[in-house]
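Notes follow once the structure below has been shown.
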There are 2 protein chains.
Amino acid sequence: MTKEEEIRSRTRAAILKALGHPTRMFIIEKLHEKPHCVCELTEMIGADTSTVSKHLSVLKNAGLVVDSKEGTMVRYSLACTCIMEFIGCIENVIRNNLQRQLDYFT
Amino acid sequence: MTKEEEIRSRTRAAILKALGHPTRMFIIEKLHEKPHCVCELTEMIGADTSTVSKHLSVLKNAGLVVDSKEGTMVRYSLACTCIMEFIGCIENVIRNNLQRQLDYFT
DNA sequence: TTCTTATTTGGCAATATAACCAAATAGTAA
DNA sequence: TTACTATTTGGTTATATTGCCAAATAAGAA
């Protein structure tokens, strides 16, 4: 593994890692529908506001969402629209995984 | 968040999480080129064989790679070909992230 | 300036992850 | 059956992540 390959892998993994949490995946799905503020997302998720804020921070640092101030409220939007397209592809993997589990118990 | 939404997010996150490590991203890239056995990947990565084996296990459990036995050797192949397509999209995010950092220091 | 609302950050504890090493397992050759 | 090679699994330790709570910060209204 060359230094370039390591940096490339590390950089990519950092972004994928940001998506590797249920709450953040939910946020991405909701932002794909339309932009939301922290309090809206917090209400839908049902966790502490600080927890939601931290997840948004992770996504923002990864460059997957962007924010914009509107008074005291911060509105978050999806910056990388191909995620849900990729998720569509992931559904096939999920389906195959479930089928494999089903076959295992049959 | 309904129960369905939670399960959906959790399932998707589990797969994205499997991609959230530099070594596993490297493996995905190499398997995209052509199938490899553990010893080949271990040589390229430079980590312990057991470490590489565990990473492969994570990817296999996520349904992203498949394996096939050939004598004592196990050959791993990419099962989800759209990953590298998504990585292509991620390159834009990475570029934007770097640009943002550059702007910050200028 | 003070108060209110929204958001972010720090601290802490619990949980999860990842690396190496050694041992165990699996398949093939002798 | 034994020996060899490749791979997987268990144990351990260190690090990273995540949730909640409390405190701090930011923006606007009064």
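Sequence lines set the chain letters: A, B, ... in the order given, protein chains first and strands last, and positions in each chain run from 1.
Residue B/L59 contributes atom CG, which lies 12 Å from atom P of D/dT8 at whole-angstrom precision. Rounding to whole angstrom units, CZ of residue A/R75 and C1' of D/dA27 are separated by 16 Å.
Using a 4.5 Å cut-off on side-chain heavy atoms (C-beta onward), A/F26 and A/M44 make contact. Between A/T51 and A/I45 the shortest side-chain heavy-atom distance does not fall below 4.5 Å. The side-chain heavy atoms of B/E91 and A/R12, taken from C-beta on, include a pair separated by under 4.5 Å.
Evaluation of the salt bridge (charged side-chain N to carboxylate O under 4.0 Å, His left out) test over residues 45-61 of chain B, restricted to residues two or more places apart or in two chains, returns B/K60-B/D67. The salt bridge (charged side-chain N to carboxylate O under 4.0 Å, His left out) analysis of residues 93-106 of chain B, with sequence neighbours excluded, yields no pairs.
Scanning residues 66-74 of chain B for heavy-atom distances under 4.0 Å to DNA chain C yields B/G71, B/T72. A heavy atom closer than 4.0 Å to some atom of DNA chain C occurs in A/C37, A/V38, A/C39, these being the qualifying members of residues 26-44 of chain A.
Between A/Y76 and C/dA6 there is no side-chain N or O to OP1 or OP2 distance below 4.0 Å.
Classification of the B/H55-B/H21 ring pair by plane angle, with boundaries at 30° and 60°, yields tilted.
Residue A/E43 qualifies as open at atom CD: its count of foreign heavy atoms under 6.0 Å is 12 or below.
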Revision key, fill the gap. B/S/- along nucleotides 11-22 of chain C (protein heavy atoms under 4.0 Å) is B----SSSSBBB
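Evaluated for a side chain to side chain contact (heavy atoms under 4.5 Å, CB included) with A/I83, the options A/I15, A/I90, A/I28 yield exactly one hit, A/I28.
Remark: side-chain polar atoms of A/S9 are paired, donor with acceptor, to backbone N or O of A/E5 under 3.5 angstrom.
Not counting sequence neighbours, the partners of B/C82 by the disulfide bond (SG atoms under 2.5 Å apart) test are A/C89.
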